[in-house]
Amino acid sequence: MKLVVVGGVAGGASVAARARRLNESAEIVVLERGDYVSFANCGLPYHIGGVIADRSRLLLQTPESLREALDLDVRIDSEVVALDPVARTVTVRDVKTGREYTEAYDSLALCAGADPVQLSLPGADLPGIHVLRNVEDMDRIKAHLDAAIVQAKVAGRTVRTVVIGAGYIGVEMAENFRHRGAEVAIVEIANQILPPLDKEVSIPVEQHVRGRGVELHLGTAAAAFTARTDGGVRVELNSGTTLEADLVVLSAGVRPNVSLARDAGLAMGSRGGIVVDTHMRTSDPHIWAAGDAVETPHTVLPGTWITPLAGPANRQARVAAESICGRDTEYLSTQGTSVVKVFEMTAGATGATERQLVQAGMAYLTVHLHPSGHAGYYPGTAMMHIKVLFAPETGLLLGAQIAGFDGVDKRLDVFATAIRMGATVHDLEGFELAYAPPFGSAKDPVNMAGFLATNVLKGDLKLWYAQDFPAAVDGARIIDVRTREEYDIWHIPGAENVPLPTLREASVSWDPSVPVRLYCAVGFRSYLAYRSLVQRGFADVKTLSGGSHTFRFWHDLEQSRIEPHAAEIPYAEGVELAAVAQGTGEVVDLDCTGLACPGPIMKLSQTIDTLDAGDDVVVHVSDPGFAHDGPAWASTKGHELLSLDPEGPGYVARFRKGGAVASAPALQTKDQVSFVVFSGDLDKVLASFIIANGAIAMGQKVSMFFTFWGLNALRRENPPVRDKSALDRMFGMMMPSGPEKLPLSQMNMAGMGPAMIKHVMKEHSVQTLPELMTAARDGGARLIGCTMTMDLLGIAESDLLDGVELGGVATFLAEAQKSGTTLFI
């Protein structure tokens with residue numbers, strides 16, 4: 001039997017090796033178009049970043065080693081350009097000489113993989129633009145980066161890089177460019193990074209990426225590339241932004257390499273991949289296929305899917321080889337288990353995402369939880385963010401996603417195994433998993449997910465979800481059961497603070513017929529409150545899935561839309577570290593590692609209460625959310641944040657107690673005016689900007705938060721074209737687009753009123769609204785668009801005028817706290 005394998009690396013090399021182990025007498029030929037037949041393609045970014053210093057460690061096998069070990073005839077630089085299924089031959093072209101010849105086969109395995117998506121954009125073929133798919137690509141990128149670093153040092157600047165695409169390879173490239181000291185900007189057409197994750201699980205990773213100095217441009221795409229005179233590349237985005245780069249890497253996805261199969265008449269699937277049966281046999285009985293170019297059933301979802309991952313490719317290759325050698329082995333499904341390292345963080349998914357379940361029309365329930373990676377009292381752990389999806393009737397596991405620091409891959413593998421074995425959330429409760437304080441908890445996060453999901457199925461708990469806000473709380477009392485200190489730092493708009501210890505007494509006077517929507521930080525305290533209220537006769541009670549942590553991932557995303565700080569610190573509200581008065585010199589070192597929110601804030605507060613004004617506290621935390629809560633707490637309590645730097649999964653921060661010795665400049669004076677511009681009426685928006693410019697003229701700072709109809713004042717008249725849902729298009733047609741289109745609140749008269757007002761303003765030399773807006777911006781006013789409203793009304797960042805910041809309620813509240821005057825218009 002003569003077996004010809006088209007392609008090497010994960011699929012092809014595995015087919016050939018397994019076939020040899022099963023059939024010693026077979027003639028096996030491997031045809032690889034590249035220079036390397038077997039290499040660790042998942043390790044390529046890490047050699048560019050210098051993490052894997054020895055290039056040879058990526059080269060797993062050579063033609064010579066495969067000949068010696070397995071007697072394989074491996075031919076590199078050999079591209080298969082044609083396939084004749086009737087004659088059972090392939091036409092091979094020598095890449096270096098151009099010579100062509102025909103190779104016959106008895107069995108053929110197609111393992112040609114996938115090719116990077118090439119963007120059809122002006123300038124996409126410039127020499128400074130690269131893709132990363134093989135060793136040759138890696139060598140070119142590394143050589144270009146090395147040369148750019150030398151050139152930048154001579155010029156006294158930092159190397160600038162741009163990565164197009166925020167999938168796994170894109171963020172790995174960004175991390176490794178940062179390892180080399182380069183500035184990095186990622187451009188992603190979606191409104192999130194890491195598309196294999198649902199949005200709320202990707203947000204903590206996004207915050208971590210920004211915190212490590214990576215600039216993110218989300219919801220936009222590259223429009224064109226132009227060459228610079230110094231050899232660099234100018235990247236123009238469809239949002240109107242231009243990025244300067246010494247080199248660019250395109251990581252916009254891959255397309256299955258199916259041209260041979262398609263031209264040969266093999267059956268193709270609905271997703272553009274090669275159709276195979278459970279033995280990996282194609283529609284031709286003598287041809288098998290495996291890897292990135294085939295379609296296989298999904299473990300959870302209906303239909304067949306293309307899954308370009310190394311793990312499935314290897315297993316498919318093994319099944320194909322055994323089938324070729326006469327064994328009845330089957331490959332039943334792919335569930336898409338994947339994991340990625342992003343700086344100190346880890347994220348991954350298995351099974352179906354919520355987006356996929358919605359698209360497939362499948363019923364599901366969701367729970368969110370935020371446990372620690374191991375016992376909180378043992379150092380070195382941090383909060384992880386887990387999302388589990390399951391069937392409403394049976395509890396069958398449908399998908400799981402995790403983002404965190406320690407122990408993420410361990411739990412992800414447990415979820416993946418459970419899904420593969422058809423387990424339910426009830427099964428998760430009983431899993432017996434390894435426990436010791438450095439490795440886990442007596443109640444493992446997997447068990448906790450099972451407990452939580454089973455409570456939902458049994459009716460012991462009813463949930464409301466962050467993405468359904470504000471409709472989910474309509475007509476209900478919103479009760480925040482956290483401490484007063486946590487509530488003061490941040491809370492959901494309209495929430496009442498009833499700390500859990502006071503709930504029983506406080507709720508005696510409540511009307512049990514009024515709906516109650518509870519929340520806490522992660523969901524545990526609100527669960528206790530839920531059980532208490534329900535058992536005392538309250539009819540309609542629900543608690544927020546995942547607590548305020550998950551809520552803020554959906555609605556409090558201002559940090560996710562601002563430029564990174566040079567110090568690589570992701571401040572929640574853009575806190576500025578001002579020069580402060582001399583301290584006492586007394587310093588207390590406080591270890592809060594292992595404590596989940598609100599632990600670090602509570603311990604910090606207790607410690608600083610024992611100190612004198614001017615004393616410092618250096619606090620070490622492993623909770624990534626401290627980057628938001630620490631600065632907000634300090635601002636609220638009148639203390640000074642002196643420094644905040646990344647440390648492991650969390651941060652090390654230095655605070656100085658406020659008082660007579662040192663008090664924050666922001667608290668000494670109230671030299672700021674804050675606005676909430678809710679109205680979209682011309683006269684009211686005019687009044688806002690007239691007052692704003694007056695305040696600026698008096699030397700005051702101005703912050704203007706635009707929400708709901710007020711956002712129309714910030715819209716472009718002719719924004720860049722983008723894909724919109726039917727509802728978004730409808731909103732867009734009904735709402736005025738920009739300051740020139742706003743109606744009057746009174747006497748609008750189908751547009752005649754605004755025209756008359758503008759004429760009168762011109763006669764009296766009053767600046768137009770666009771001129772007033774420009775003057776305010778030039779004077780330093782912050783114009784902030786409400787991200788929640790943007791999501792509700794289908795407004796994208798590219799729809800807004802230049803210079804508009806994006807933020808949430810917390811951004812406004814922080815600005816209002818620094819203001820002597822706050823106006824709601």
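Since we're looking at a predicted model, the values are computed, not measured.
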[atom1] ([X]) with more than 12 external heavy atoms under 6.0 Å:
| X | atom1 | value |
| --- | --- | --- |
| Arg157 | CZ | yes |
| Arg255 | CZ | no |
| Ile189 | CD1 | no |

Ring pair (Phe, Tyr, Trp, His ring centres under 6.0 Å) partners of His47, counting only residues at least two apart
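Result, ring pair (Phe, Tyr, Trp, His ring centres under 6.0 Å) vs His47: none returned.
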Within this structure, what is the [atom1]-[atom2] distance for the pair [X] and [Y], rounded to the nearest 0.5 Å?
| X | Y | atom1 | atom2 | value |
| --- | --- | --- | --- | --- |
| Ser239 | Leu218 | OG | CG | 10.5 Å |
| Leu711 | Ile784 | CG | CD1 | 11.5 Å |
| Met173 | Tyr46 | CE | OH | 10.5 Å |
| Ser120 | Asp125 | OG | CG | 10.5 Å |
| Thr226 | Arg228 | OG1 | CZ | 9.0 Å |
| Ile274 | Met268 | CD1 | CE | 5.5 Å |

Check: Which residues satisfy the side chain to side chain donor-acceptor pair (under 3.5 Å) test with Ser56, sequence neighbours excluded?
Finding: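 Scan of Ser56 (side chain to side chain donor-acceptor pair (under 3.5 Å), adjacent residues dropped) gives Asp54.
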Restricting to side chain to side chain donor-acceptor pair (under 3.5 Å), what partner residues turn up for Arg55, sequence neighbours left out?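 With sequence neighbours excluded, Arg55 shows a side chain to side chain donor-acceptor pair (under 3.5 Å) to Tyr36, Asp139, given in chain and number order.
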With [X], which residues qualify under salt bridge (charged side-chain N to carboxylate O under 4.0 Å, His left out), at least two apart?
| X | answer |
| --- | --- |
| Arg355 | Asp198 |
| Arg777 | none |
| Arg315 | none |

Side-chain contact test, heavy atoms from C-beta onward, threshold under 4.5 Å: evaluate it for [X] versus [Y] and give yes or no.
| X | Y | result |
| --- | --- | --- |
| Asn257 | Asp292 | no |
| Thr241 | Thr220 | no |
| Pro204 | Met345 | yes |
| Leu132 | Ile48 | yes |
| His179 | Asn176 | yes |
| His549 | Met383 | yes |

Does the pair [X]/[Y] count as a salt bridge with the N-to-O cut at 4.0 Å?
| X | Y | value |
| --- | --- | --- |
| Arg160 | Glu183 | no |
| Arg180 | Asp146 | yes |
| Arg234 | Glu244 | yes |
| Glu175 | Arg212 | no |

Exercise. Is a side-chain donor-acceptor pair under 3.5 Å present for Thr307 with Thr334?
Worked result: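 No donor-acceptor contact under 3.5 Å links the two side chains.
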